[in-house]
Structure formats: structure tokens, C-alpha cells
Novice: 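There's a structure below that I have some questions on.
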Amino acid sequence: MTWLNSRLIPYISEKKVLPDTQVATQKDVQTRDLMSYLSSIKCWSNRNKTQIYAIKRDQMKGFDYLAPEGFYDIIEAIGLPDSIAKLDQAAQKDNNCIIRTAHGLTKPIIINGVTKQGGPLSPLKSTLTTSMGHHYLNDLLLQDPDALIISSTNQRKDDPHLSDDNLVARIGMTEATDDSYIFSRTLQSLQKNTLHMERFQYAYEFLRVKVDDAEARFEQLKNIIEEYHFPRLGNRPPITLLNKIISQNIISRCRALLSLQPIKQTDADILDKKINRLVHDQLGFPFMPSPTILTLPIRNNGLGFPSIARINAGLATDGIRRDLNHHIKSYRDMARITMADWTCSLNHCVYPISGTGLLTQTHSSRFKKIPSSWIIAQRVMSEHREKLSLPRTDRTEVLTGDVSLSHYISIFNHHNQIIQEKIDGNVMKSLRVRGITLLHGSMIPASAGLLDKRSVTTSLTGPTTLVAQVSGISAFITHGELAGITAALILAKDSNNSIAVLHTDSLYCHVKAHTEDTSLPSLLNSEADHYATSAQKLVHRIPSFPIPTFHMDEFTPYSSSHGWTESNLRVYTETVMLEKSLHELRNNVRMAKWLYEPRPPSKFPYTRAYSAYSAAIQLYARSGQLAVADTLFSRGKIDEPYCRFGCRALEDPHHLFVECKRYTEWRVETSKEIENRTQRKLTEKGFEETSQTSHIPKLDSLLPYSPTMTPIAREQLLHHLAADWHTHIIRLAGRIFGDYQREMAKRLTSNHKPR
């Protein structure tokens, strides 16, 4: 049965057997898609002041009570062989069933014709059976004059502005597992349609969330955090354990709920602060640490706790992109009707999530007319340092005349000028040559991270040679190859030669590249490779080629600094939000890294250490919240800010950890241990003694290049040295502050003893 289930699911998806708005077992459909769909319906009703009637049907669990004949009927209806029904009947015949009672297990009994709950085929059988009723209702609605038909406001006014104004969505029923909503414009029609469904599947729960209500979702998440209680332990839990508990018991629940309904970023920041309060209360320090530093990744000098604000931002932006590009027509059409109304009816024909539309945020009064998750996404995109937009890549409607004059008049009436991107025609002019026969691309560095800068060039060679740079730091080598193919096809179309041959090592007709082959394609490939690689040294002097967009989704994220973003938008948004947090901390001297070793520290002290007291000290030290004399004096807790161990200096964290004479012996001891470990590792690799410094320096300048060591081995050695130094130093800081706290506690106790 498992094999049958694995074969039926892709077949049903390919043949579109299930209705679009039936979520269960639908391939690549998430529950958030249905919630966004319902939000758009609710907002359409508010925008057009049209009353909609809906009823929620709570169906009995099909896994338990579904008659097997329903599955057999759908098998026959869609034309599948009756051997499937016979196989299912054989699987349900003479099955042993043992019942658990209060007195123990019963003897086996024989059952027939019952689908086992949790079996591989039970969800699919339930979904296929209920889909017949869904299709039945859709057929009835074609003859119902009161059926709910949704279109854009301009379409209803008979003045369509954009091509999306021609979209019409007939809304009948939505299903999620064993819950369903039925819609209609009149109460009588709703009663009739509900009766039809009850007759089809009499008394045959998931949609328990409020639709398009960000405030209710925030209150729900806040209650989850405030009502959570950590397990009782003998001692205070280490910060590493707190990270695991919060990630698994709080963040996992919050992430699932946010995927259905994002919340405002200001509310998400409040939740991050509440989690910060939970951690602070468990650690027992007097002053609250920074939630920003708590949620920064370890590689950025943070503690690596998850951030609800970044998770929320990523889910909101990825949600609107998913809605507008959805592979199922019903969800996609509903989203584009909503976007058409937002653009023309509510925003003076200015596209709200690109260009000038991001300069003016949608007012909160629009929350009931536009899905709140979309407005949240717009605000997130507008707050990026480089405005992140979601433009439409296909603009052929402008050339075909599908944009009405009313649309242009509305734009001119509300804006003095239209800002358009300048199109550099140098590349297209240079393409008006003939005889290009082979292309190649080049990228430096060969492997780059999401926001790392890179340089991509493309070259075409033959009787004439063309070299161009592919714009945008999000470009990859494949974009260079695609740009070259595009240019070659343009040339082939303009060429007088009726037979044009294109050679490339990136298509199915593979060229023997980087070999000693002497064929013409291989020789031309070597030449094109030479030009593409050499052009990397002259990127500022060669023309720029825009990344081809015809292969992208119709709505693809774009920013002026990073170009087109075809990767995971949720991860990209979280990364950009992280960059924003780091930019806000640039003036925090406690987080400055320009003087020190830039390699990330080892994760072990922050994620796996048993006690992790040193990691907690790092959190409060980097937040400037350690209870030393200078901090206590500035907050009115003590009378003097000077060192309480007799030093003539302010008692700030730098003095305590680096200069205080009480801990000189410990610092010397740790320095010798670091020196010995470093010297031992360098000796093993054949290096001589290196100079020493009082902090973690930039190790590249201290370790010379060796002809006997590969770059990878050298980088591995540097990483080990940096991790060793960092771990020893933060443990020394924890040791110093632990002794400092014990000494201050003794003094406080002695001062309060009765005389």
C-alpha cells in the first residue's frame, strides 16, 4: 500500500484531480496558502463593502468513519483500473485487531473493510472521497446566480487598468483535512449549498485560527512566551541549555503560527524582548542584556538565540512572493486580484511593493482591506537599507496595449514625474555584429555566499569577439552563460546567414572544454574562456549586461545593491535583517572587530558547554551590563566608581579583565598556556616561533605562507588557533568575574552582619 500511495500522489497532482482549494495531500501546497487565500476574500469584502456569507463545516474524521466505497467510486470516476480497488479490498480483509482495555489487551478479533488510521493510504482515500463532493459543489455553483464571484474593483466599474483586472475567481469551498468553508452571497444560497454537501456526505478540525488578524496572533504568541515555565533544576540552567529549550519549546511553536499569520515587526521585537527577559531571569544577573546581541549569530559575536523578528520578516516577504507566483491558479488569481485593487483602487495606480510605492507605507487603516501579512511585508521591504522590491519581470502588457489610458492618467495626476531605470544600450548596439559562434562565462570568486560580492563576465567569440559584465552581486556563473546564449540568439536572428551554429559547454550539446582536443568548438571554447577570465581584470571598462529575467518567476525580488534574488527569499530577508542589526551596532566599541581576528569563534562554548558560565559573561559584557563599580555608580547603586581591589583606576570591564592587579597571575598563566598550545601546533606544522600580543590579533599577519602547506591546510590551522585563543580567553574572563562576584558577595555579607 505504501508503493500504491507513492504512485498515486504524483499522478493525482499531474492530472489535477483534487480541487485547487483542497489543501490535504495537495503537492507543494501549504496551510498558509489557504490562510492567505481566505484573507484575500475577507479583505475583498471590506474593500467593496459587499456582504459575504460563509459557513464552517466540521466534518467527522474520514480516517475513522469513511466508507471504502467512496474511494472505489473516485477510482472509477477518474478512469483508474479497478485492480486498485481490488488491492485495497484485499488489504482490508481478515485483519487482526487487538483492543487495549483497562484490564489489558484482548485476544485478536478479525475485522474487514475498515481503513486503518495512520495507514499509508488513509489520508489519500479520505481526500479523494471528499474531493468528489467539492467538484459536485463547483458544478452546482455554475448554475447559481448568487455564487460568490470575485474580480477587481476596476473590473466591476468596467474600467480595467491592468491585465490582472481581467481575472475572475469563482469562490465555492475551501478544504483543509476535515474542515471546510462554504461561501455564497446570500443566506438562502448558502443554506442550499450546505444541504447539498450534507446530502453528499452526511456528518462526514484544523481551521481554528482567526483569518487575517495580526493582533490576535500577537496575543497568542505573547501568551505562549509569558506562560512558559522552565523545568526545575538544582542549579541555574546554563545558557546553552536555555538556548535549546527556547528553540525547541517556544520558537518552534511561534514559527509554525507565524507561517500562517505574520505579525507587525514592532510586535515581533516585543516578543524578542520577552524571550530576552526569560533568559535573564534564569541567569540571575542584575541588569538586563541586549536582545539584539542575544539573537546575533555566534559568528557575529552574538549568542546564537533565534530571533522572532527576523523569522517574522522572512515569512512575511516570502509569503507575498509565494502568493503572487503560486503554481495553483485559484490561489494565484485571488492574490493578483488583490494586488490589482491595492495598486489602482487604494494606491493611485502606483505599484505598492516596488519603486516609489515603497517610499510611502500603507496606513494601518488599510489592514482590513489588504491582507495584513502583505502590509507587514511591504513595511519590511521598505525598511531595508537598500529597498527590497518585488517587481513584475514580464512587462509585455505595456507593449501589447493591455494597460489602459485611465491607468496612465491616474499616475500623471498624482505624480509629477515617473522614475524609470535607465537602460544602457551599449550592449545591444555592440550585439549588431555577425559571426559569434561560441560563448563562455566566468565568476570570481568561484564560490560566494548570499551577500558576498562577486564579478561575473560573459564572452562570445568567433569572427567577432564580445565581452560583457553581468550586473548585480547576486549574479552567478549560470547567469553569465545565459546572458551569452541570449546575446548569441539575438545575433543569430539579425545575421544574414540562414544557418547559425551555437557552441557552448553549458547546454546538452557539450563541448570538450579544458582538454587538448583540437576540434573547432574546443579551440573556440579555450579562446572564449580566455576572454571571459581576462575580462575580470577590466570589469570597470567593459559594458554591463543585465541579468535575463525571462526565466524568472513573474514576481521576483530585486534590490539596487544585490540585484535579482532567485534564492530562498525567507533566508535572504533574515540575512538582510541581520546586516541591519550589525549596522546599528557599528558604533558599539564592545562589538568592534576591526582590530581583532575576524574568523568566527568556536561554537562549543556557546552551544555545547556543560556550565557555559563564560558564555553568559560574554553576553552581559558585550551588552555593557556587567555589575562592576563603574556601571553600579552610573546607576546610583554605589558611591564611587573606582576599583575595589585597590587599583587607582575606574572599575570598568576593561580594567577588571585586562589591568586589575588582583588577576595578573591568572592572566600570565593563561597567556603561557595559549603560547604553549600555539607553539606546539606550529611546530607540528614546521613553523618557527611567532611573536605574541596581548589580544587575539589578525593571525594572517603572524603566520607566513609556507610552500609545503596547501591553502586549505593553512586556513584550517588558523581556524584552530583562533578557536583555541578565543576559548581560553573567554574562560579566563569567566574565571575572573566568578571570583569577583564571590568577593563582592563576601563583602556585602560582612557589611550586613549584626554587631
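We count residues from 1, following the sequence as given. Only this structure's heavy atoms are used, side chains among them; waters, hydrogens and symmetry mates stay out.
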Novice: If I compare all heavy atoms of S131 with all of L128, which pair ends up nearest, and what's the gap?
Specialist: OG-O, 2.5 Å
Novice: What's the shortest heavy-atom distance between W374 and I370, and which atoms?
Specialist: CB-CG2, 4.1 Å
Novice: Do D394 and T396 get their side chains close enough for a donor-acceptor pair, meaning under 3.5 Å?
Specialist: yes
Novice: What's the separation between atom OG in S45 and atom CD in Q51, rounded to the nearest 0.5 Å?
Specialist: 7.5 Å
Novice: Taking atom OG1 of T186 and atom CG of D146, what is their separation to the nearest 0.5 Å?
Specialist: 3.5 Å
Novice: Using a 4.5 Å cut-off on heavy atoms from C-beta on, say whether the side chain of H407 contacts that of C344.
Specialist: yes
Novice: Between T50 (side chain only) and N48 (backbone N and O only), is there a donor and an acceptor less than 3.5 Å apart?
Specialist: yes
Novice: Within the 4.5 Å heavy-atom criterion, are Y558 and L388 side-chain neighbours or not?
Specialist: no
Novice: Find out whether C349 and H161 are in side-chain contact, i.e. whether some heavy atom of one side chain is under 4.5 Å from a heavy atom of the other.
Specialist: yes
Novice: Has N193 got a side-chain atom pairing as donor or acceptor with S189's backbone, closer than 3.5 angstrom?
Specialist: yes
Novice: Please check if atom CZ in R185 has more than 12 non-hydrogen atoms from other residues, nucleotides or ligands closer than 6.0 Å.
Specialist: no
Novice: Take H326 and V29, measure what side-chain contact (heavy atoms from CB on, under 4.5 Å) needs, and give me the verdict at the end.
Specialist: CA-CA 9 Å; H326 208 285; V29 176; 4.3 Å; yes
Novice: Hey, does L221 have a side-chain heavy atom less than 4.5 Å from the side chain of L258?
Specialist: yes
Novice: Given H327 and D28, is the side chain to side chain donor-acceptor pair (under 3.5 Å) satisfied, shown in steps?
Specialist: CA-CA 9 Å; H327 64 286; D28 295 331; 5.0 Å; no
Novice: Going from OG1 on T317 to CG on L569, what distance comes out if it is rounded to the nearest 0.5 angstrom?
Specialist: 4.0 Å
Novice: Could you work out, with side chain to side chain donor-acceptor pair (under 3.5 Å) as the rule, every residue matching D20, not counting sequence neighbours?
Specialist: S330
Novice: For the CZ atom on R156, are there more than 12 heavy atoms of other groups (residues, nucleotides or ligands in this structure) within a distance under 6.0 Å?
Specialist: yes
Novice: Are any non-hydrogen side-chain atoms of T573 and R310 less than 4.5 angstrom apart?
Specialist: no
Novice: Mind checking what makes salt bridge (charged side-chain N to carboxylate O under 4.0 Å, His left out) contact with R570, not counting sequence neighbours?
Specialist: E574
Novice: Begin with the C-alpha distance, continue with both residues' side-chain angles, and end with the deciding distance and a verdict on side-chain contact (heavy atoms from CB on, under 4.5 Å) for I251 and I311.
Specialist: CA-CA 9 Å; I251 298 298; I311 293 172; 3.8 Å; yes
Novice: Hydrogens and angles aside, do D402 and S163 bring a side-chain donor and acceptor to less than 3.5 Å of each other?
Specialist: no
Novice: Do side-chain atoms of S36 reach the backbone of R32 as a donor and acceptor pair under 3.5 angstrom?
Specialist: no
Novice: Kindly indicate whether the side chain of L38, heavy atoms from C-beta on, has any atom under 4.5 Å from the side chain of F183.
Specialist: yes
Novice: In sequence, state the C-alpha distance, the side-chain angles, and the governing distance for Y572 and M577, and then conclude on side-chain contact (heavy atoms from CB on, under 4.5 Å).
Specialist: CA-CA 9 Å; Y572 174 82; M577 293 287 289; over 6 Å; no
Novice: Between R217 and E219, is there a salt bridge with N-O shorter than 4.0 Å?
Specialist: no
Novice: Do K264 and F367 form a cation-pi contact, if we require the NZ or CZ to be under 6.0 Å from the six-membered ring centre and within 45 degrees of the ring's axis?
Specialist: yes
Novice: Does a donor on one side chain sit under 3.5 Å from an acceptor on the other, for Q261 and S372?
Specialist: yes
Novice: Could you pull out the closest heavy-atom pair between L80 and L8, with the gap in Å?
Specialist: CD1-CD2, 3.8 Å
Novice: So do L257 and I224 actually touch side chain to side chain, heavy atoms under 4.5 Å?
Specialist: yes
Novice: Is it the case that over 12 heavy atoms from other parts of the model lie below 6.0 angstrom from the CZ atom of R170?
Specialist: yes
Novice: Taking only Lys NZ, Arg NE, NH1 and NH2, and the carboxylate oxygens of Asp or Glu, determine whether R47 and D341 approach each other closer than 4.0 Å.
Specialist: yes
Novice: Is the count of non-hydrogen atoms from other residues, nucleotides or ligands lying under 6.0 Å from E76 atom CD greater than 12?
Specialist: no
Novice: Counting N and O atoms only, with roles assigned by atom type, does the side chain of D318 sit under 3.5 Å from a partner on the main chain of G314, one being a donor and the other an acceptor?
Specialist: no
Novice: Nearest heavy-atom pair of S354 and L358: which atoms, and what distance?
Specialist: N-CG, 3.8 Å
Novice: When you measure from the side chain of T343 to the backbone of M339, do you find a donor-acceptor pair of N or O atoms at a distance under 3.5 Å?
Specialist: yes
Novice: Does the S180 side chain pair with the main chain of T174, one donor and one acceptor, at a distance under 3.5 Å?
Specialist: no
Novice: Where do Y53 and I182 land on the side-chain contact (heavy atoms from CB on, under 4.5 Å) test, with the steps shown first?
Specialist: CA-CA 8 Å; Y53 292 90; I182 300 177; over 6 Å; no
Novice: Do the side chains of I41 and I150 get nearer than 4.5 Å, heavy atoms only?
Specialist: yes
Novice: For a quick test of reading the model, state the closest non-hydrogen atom pair linking R253 to N249 and the distance between them.
Specialist: CD-O, 3.4 Å
Novice: With sequence neighbours excluded, tell me which residues meet salt bridge (charged side-chain N to carboxylate O under 4.0 Å, His left out) with D333.
Specialist: K329
Novice: Quickly, which of E175, M173, H134 forms a side-chain contact (heavy atoms from CB on, under 4.5 Å) with T21? Name it, please.
Specialist: H134
Novice: With no hydrogens and no angle check, just 3.5 Å: does a side-chain donor-acceptor pair link Y72 and D82?
Specialist: no
Novice: Between the side chain of D165 and the main-chain N/O of S152, is any donor-acceptor distance below 3.5 Å?
Specialist: no
Novice: Can we say R395 and E554 salt-bridge, meaning some charged N sits less than 4.0 Å from an Asp/Glu carboxylate O?
Specialist: no
Novice: What's the separation between atom OG in S40 and atom CD1 in I337, rounded to the nearest 0.5 Å?
Specialist: 9.0 Å
Novice: Quick one: does S247's side chain have a donor or acceptor within less than 3.5 Å of a partner on K244's backbone?
Specialist: no
Novice: Quiz question: by atom type and distance under 3.5 Å, do the side chains of N312 and Q265 form a donor-acceptor pair?
Specialist: yes
Novice: Could you grab the distance from atom CD of Q188 to atom CG of D144, nearest 0.5 Å is fine?
Specialist: 11.0 Å
Novice: To check you understand the geometry: which heavy-atom pair defines the closest contact between S151 and V168, and what is its length?
Specialist: CB-CG2, 4.3 Å
Novice: Rounded to the nearest 0.5 Å, what separation is found between the OG atom of S39 and the CH2 atom of W44?
Specialist: 15.5 Å
Novice: With a 4.0 Å cut-off on N to O distance, would you call D164 and R332 a salt bridge?
Specialist: no
Novice: Return yes if some donor-acceptor pair links the side-chain N/O of T130 with the main-chain N/O of T127 below 3.5 Å, else return no.
Specialist: yes
Novice: Kindly say whether D553 contributes a backbone atom to a donor-acceptor pair with the side chain of T393 at under 3.5 angstrom?
Specialist: yes
